[in-house]
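To start, the structure itself, in structure tokens.
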Amino acid sequence: MDLDQDIPVPFAVFTLIYDTAATVVNTRYLYVNDAYCRMAGFRRENLIGRNFLDIYPEGVSWMPYCQEAREKKLPVHACVYSKEIGRWLDFTVGPATTENAVAFIFTDVDESVRKTRRVTKTDSIILRISKLLNNEEDFEAGMNHALEDLSRYIHPDRLYVLETDGITASNTFEWCAPGVEPEMDTLQNLDYDGYLSGWEKYLEKSDSVVIADIEELRADDPIDYENLRRQGIRCLAAAPFYNRGKLIGYLGADNYEKSDLINTQLVLNSISYFIGAKIVNHRLMEDLNRLSHMDTLTNVFNRNAMIARMNALAEQNIPTGLVYADVNGLKIINDEQGHEAGDQALQSAADLLGENFGRRHVYRAGGDEFVVILPGIREEVFTEKKEKLAAGYCRTMPHLLSIGCFWCPDSSKIEEALRVADHHMYEEKKQYYEQQEFDRRNPD
């Protein structure tokens with residue numbers, strides 16, 4: 001086969017040159033055909049054996065495609081603007097038969113074809129990632145998967161989601177390129193005015209934030225400038241997302257690759273819309289789930305949550321402490337002082353139990369009854385807690401609650417154990433009402 005005659009389009013083979021991190025940083029001409037020489041404007045003897053960047057110092061944009069082709073062992077197709085010859089080139093690069101080498105085939109692309117391909121490529125990226133955000137993965141996995149996939153197209157140092165309520169801002173998801181330090185842990189509960197409000201001026205004139213060079217912030221916005229400089233950010237783009245017209249966050253990209261092959265800003269704007277919708281939907285589902293398991297009056301778990309917790313513990317064999325509490329005289333309080341006073345008594349009971357045992361362990365079993373479930377607690381620790389509770393409420397709220405406690409060594413018998421705690425509570429309540437009757441008959 002005569003490559004000069006049989007391949008009428010520009011064709012070249014390069015040996016890859018790596019740095020110590022195994023990243024392609026240059027190439028060396030191994031072979032070029034006549035069509036390539038005519039396109040490049042060089043004779044073959046002026047190219048063979050020479051390094052590409054010695055001839056074209058601004059040609060670094062080709063190296064990532066060489067790297068990808070060798071690592072995947074598959075052809076890579078793309079369209080870029082070649083500064084070397086001042087034209088758009090459609091090309092395919094793939095592994096060559098020679099070890100550690102790649103082969104390029106080029107074709108000229110006119111402006112109309114380039115624009116069409118740019119639109120098509122941009123649309124395909126948006127469609128692909130929107131599908132990822134709406135597949136069957138759970139919320140966190142889906143968000144992380146979408147950021148990782150987006151990184152393959154815009155090649156940033158870091159992709160991230162910032163969420164805000166207008167008062168604080170937090171980084172809730174991020175993807176980092178190899179070697180880039182994660183920032184998510186440090187970017188939590190930041191003051192919105194100090195960290196993000198400076199971006200609002202960009203949204204007055206555009207539908208997104210684009211800072212092509214952070215040096216433009218040095219004079220007018222030194223706080224934002226220092227925040228970005230500290231993170232090694234040279235440029236960034238951030239697309240906002242909203243809920244009912246209110247700004248609730250941004251999808252951001254630091255040090256992203258400016259490409260003529262795709263409309264990066266349109267990709268970010270479109271994906272931010274889907275991310276915003278996913279976040280809003282997730283928040284709604286969390287709220288619904290919370291409401292289905294919470295007692296809204298006392299802000300502790302409700303009976304549904306208690307039953308689910310007991311069922312789960314019944315399948316285990318771990319020690320569990322149980323507290324059964326009942327608000328004394330709730331009906332009398334409601335009748336004589338009004339339901340607001342009754343609600344306050346219930347809230348006070350929930351607060352008291354939460355302070356002593358942790359609110360996440362407290363359940364309103366119904367009406368005036370509360371249950372505390374303490375899985376995995378040792379008997380001596382449980383005894384100490386119940387004695388501390390008794391001492392505390394005897395001093396501050398002596399008539400608020402009747403309480404029964406029981407430590408169960410085996411949670412598989414938790415229903416029986418709860419009945420024992422209930423019985424202890426009933427005995428204390430009985431004593432309370434007997435004392436009340438005695439006090440009523442003997443006021444002096």
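Side-chain atoms are counted along with the backbone in the values below, which use heavy atoms only and exclude waters and symmetry mates.
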Which pairs would a plain distance check flag for residues 233-249, meaning a side-chain donor or acceptor within less than 3.5 Å of a matching protein atom at least two apart in sequence or in another chain?
none

- Task: Output yes when Arg229 and Glu226 qualify as a salt bridge under the 4.0 Å nitrogen-oxygen rule, no when they do not.
- Result: yes
- Item | Heavy-atom side-chain proximity of Thr264 to Lys258 below 4.5 angstrom | no
- Between Arg303 and Glu369, is there a salt bridge with N-O shorter than 4.0 Å? no
- May I ask you to check whether Phe370 and Phe301 place their ring centres under 6.0 Å from each other? no
- Item | Pairs touching residues 16-26 that satisfy side chain to side chain donor-acceptor pair (under 3.5 Å), sequence neighbours left out | Tyr18-Asn100
- Contacts of Arg38 meeting salt bridge (Lys or Arg N to Asp or Glu O under 4.0 Å) (sequence neighbours excluded), chain-then-number -> none
- Item | Cationic N near anionic O, under 4.0 Å, Arg158 to Glu174 | yes
Can I get a per-line list of side-chain donor-acceptor pairs under 3.5 Å for residues 312-322, giving both atom names and the distance, sequence neighbours left out?
{"unit_1": "Gln316", "atom_1": "NE2", "unit_2": "Ala312", "atom_2": "O", "d": "3.3"}
{"unit_1": "Asn317", "atom_1": "ND2", "unit_2": "Asp410", "atom_2": "OD1", "d": "3.1"}
{"unit_1": "Thr320", "atom_1": "OG1", "unit_2": "Ile318", "atom_2": "O", "d": "3.3"}

- Task: Apply side chain to side chain contact (heavy atoms under 4.5 Å, CB included) to the pair Val76 and Thr92, showing each step before the final yes or no.
- Result: CA-CA 6 Å; Val76 175; Thr92 299; over 6 Å; no
- Query: Can you check whether Ser170's main-chain N or O pairs, donor with acceptor, with Gln188's side chain at less than 3.5 Å?
  - Reply: no
- Query: Please, which pairs that meet side chain to side chain donor-acceptor pair (under 3.5 Å) have at least one residue in residues 373-383, sequence neighbours excluded?
  - Reply: Arg378-Glu380
- Item | salt bridge (Lys or Arg N to Asp or Glu O under 4.0 Å) between Glu215 and Arg218, worked out | CA-CA 5 Å; Glu215 290 302 320; Arg218 184 193 287 265; 3.0 Å; yes
- Quick check: does any side chain N or O of Asn263 sit under 3.5 Å from a backbone N or O of Leu266, one acting as donor and the other as acceptor? yes
- Test of ring centre spacing under 6.0 Å for Phe106 and Trp62: yes
- Item | Check: Tyr36 ring centroid to Phe104 ring centroid under 6.0 Å | no
- Tell me, which pairs form a salt bridge (charged side-chain N to carboxylate O under 4.0 Å, His left out) where one or both residues lie in residues 352-361, sequence neighbours left out? Asp351-Arg359
